[in-house]
S.K.: 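Please find one structure pasted underneath; my questions will follow.
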Amino acid sequence: MSSNAPEAPVRKAGSREWLGLAVLALPTLLISLDQSVLYLALPHLAEGLQPTGTQTLWIMDIYGFLIAGFLITMGTLGDRIGRRKLLMIGAVAVGLTSVAAAYSTSAEGLIVTRALLGIAAATLMPSTLALISNMFQDPHQKGRAIAVWASCFMGGTALGPVVGGTLLEYFWWGSVFLLGVPVMVVLLIVAPLLLPEYKDPNAGRIDLPSVLLSMVSILSVIYGLKELARYGFEALPLAAIVVGVAVGWVFVKRQGKLEHPLLDLKLFRVATFTAALLILMVSMLGTGGGYLFITGFLQMVEGMSPMEAGLWMVPAAVASILAAQVAPALAQRFQLGTVIGASLLIGMTGYAMLAFVDPVAGLPLLLAGFVIIFIGVGTFGALGTGMVVGSAPPERAGSAAALSSISGDLGTALGIATLGSLGTAVYRGSVEPPAEVPAGAADAAGVSMEEALNAARTLPGDAADSLLTAAEDAYTSGLNAIGVACAVITAVSATIALTMLRKRRAAGGSDDVPPQEQEKETVDREAEKSLSAT
């Protein structure tokens, strides 16, 4: 039941908070750079450390695995000990492990330091987002601040190959890891001056069994999904997913019995929170799978280097950043569900364009579709993240931020696994090497585009050209199929937004809301109040 008493005025952020946002943008940019910059360094790294194929995969994957595995723990730890304190502890750890990774002398040592770097980096993302939520109380300012945060994350992912290529042009492979050191030094110097401290005053002790259960569940599921994407349907990755889901069920049951749970399940009582997580996961499913084949097309069909492919991704990154900056203003003017649904439909249009790309003159259509996709991604990236964090009470902001990141990670991994398998299946069913290609090379080309490129290097000119033409046609058919699948997935996300968020507004909206929707909003507010009270 609503009260007629006037609400206390919301404090607006001043110059200190906006300078603090600039500080928080630095680790956000670094995390996203670190996840994409290593691809370029692999050939140089392989020459220096000579890792096995399995070791190379672990060097690539262990960082992302442990970030995802520790997000819930670190988000909740920040709520308990203080978000600024955890951010500074993480900054020290990231700086030290970055130096250790840069000067690793063996593949095993690099795997260990990458694992430690992933654990350290897991402290940064929920801490930065939770601090933003606390620093910016005004809904309009908070929306703008979260849009800046989302822009840094999306921009860093696209700029990783460009930055990495520039460093490797002049320095050794370890230089890509040293990017984080000056960033962390700056953070440690200015954070005490610009960032306030926040924590939950009523938080209890962290339940260590819950920490273990959450890590095993998330790591098992993401490992299984990545292995399915890499090797297809095999027993080990399927078993890992089953184990992860089962352990996750035990984790959820345990949280319901604890006085101070690691993950407060009451958060899911807030409709906007649950809807945003669901849309985020489904949307990133399409983005993860689509990104995989788009970058593959640029490098294997168009013949670009990783750095050249990275440069062609910059327009899409710029489009996503601009869309993220415009999104908060649109959400204040129109219904939130309408803005998010429309942005997803825009992204659907971009994916549909991929269905018409051809291997000969398809680059302009591919790049146009990529830009359109990221206009949708940028809009929802800003608004969806704001919905998740803004729906939680301030003392649970770290947990909410961690869930936002995990939803994106799970959606991306699921997209790479399912859509990657779809694209591979279409490729294998479509590739038809000409009769003049030797049987061994033809069989290799039937496995993957990468194998086709390797096989073509062993053939004389005409046979190599014929094999590559067949492989490029088949790979493009896989991209076309993924474009259709991503368009359908994005349409599903738009439907969820337009139904679950119907008549919802970003904080600060002013249009009249029908009585039944007022009741729904009241339920959400009461859920938020009960969370704060507990």
S.K.: Measure the spacing between OG of Ser493 and CG of Leu278 and express it to the nearest 0.5 Å.
M.R.: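 Rounded to the nearest 0.5 Å, the OG-CG separation comes out at 7.5 Å.
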S.K.: Considering non-hydrogen atoms only, spot the tightest contact between Trp18 and Arg144 and give its length.
M.R.: CH2-CG, 4.0 Å
S.K.: Specify the closest pair of heavy atoms between Leu86 and Met74, including all atoms of both residues, with the distance to one decimal.
M.R.: CD2-O, 3.1 Å
S.K.: Grab the two heavy atoms, one from Gly90 and one from Leu124, that are nearest each other, plus how far apart they are.
M.R.: C-CD2, 4.1 Å
S.K.: Going by the rule salt bridge (charged side-chain N to carboxylate O under 4.0 Å, His left out), which residues pair with Arg254 if we only count those two or more places apart in sequence or in a different chain?
M.R.: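 Salt bridge (charged side-chain N to carboxylate O under 4.0 Å, His left out) list for Arg254, sorted by chain: Asp207.
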S.K.: Which atom pairs, one a donor and one an acceptor, fall under 3.5 Å between side chains of residues 311-321 and the rest of the protein, sequence neighbours left out?
M.R.:
from, atom 1, to, atom 2, distance (Å)
Ser320, OG, Ala317, O, 2.7

S.K.: Ala324 and Ala147: which non-hydrogen atoms are nearest, and at how many Å?
M.R.: O-CB, 3.1 Å
S.K.: For Tyr427 versus Ala471, what's the shortest heavy-atom pair and its separation?
M.R.: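 It is CE1-O, 3.5 Å.
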S.K.: Looking only at non-hydrogen atoms, find the nearest pair between Glu472 and Met300 and report the distance.
M.R.: OE2-O, 4.3 Å
S.K.: Looking at CZ of Arg428 and OG1 of Thr424, how far apart are the two atoms once the value is rounded to the nearest 0.5 Å?
M.R.: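 Here the interatomic distance stands at 6.0 Å.
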S.K.: Could you tabulate the donor-acceptor pairs under 3.5 Å formed by side-chain atoms of residues 339-349, not counting sequence neighbours?
M.R.:
from, atom 1, to, atom 2, distance (Å)
Ser343, OG, Ile340, O, 2.7
Thr349, OG1, Leu345, O, 3.1

S.K.: How far does OG1 of Thr338 sit from CG of Leu330, to the nearest 0.5 angstrom?
M.R.: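 Separation between the atoms: 11.0 Å.
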S.K.: Could you give the side-chain donor-acceptor pairs of residues 235-246 under 3.5 Å, partners two or more places apart or in another chain?
M.R.:
none

S.K.: Please list, one pair per line, the donor and acceptor atoms closer than 3.5 Å that link side chains of residues 353-380 to other protein atoms, with sequence neighbours excluded.
M.R.:
from, atom 1, to, atom 2, distance (Å)
Asp358, OD1, Val360, N, 2.9
Asp358, OD1, Ala361, N, 2.8
Thr379, OG1, Ile375, O, 2.9

S.K.: Roughly how far apart are Gln141 CD and Leu21 CG, rounded to 0.5 Å?
M.R.: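 Here the rounded value is 10.5 Å.
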S.K.: Can you tell me which residue among Val211, Leu212, Leu213, Ile218 is in a side chain to side chain contact (heavy atoms under 4.5 Å, CB included) with Met215?
M.R.: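 Running side chain to side chain contact (heavy atoms under 4.5 Å, CB included) over Val211, Leu212, Leu213, Ile218 with Met215 returns exactly one hit, Val211.
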S.K.: Checking Ile489 now: which residues fulfil side chain to side chain contact (heavy atoms under 4.5 Å, CB included) with it, not counting sequence neighbours?
M.R.: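 Checked Ile489 against side chain to side chain contact (heavy atoms under 4.5 Å, CB included); matches are Val282, Leu285, Leu419.
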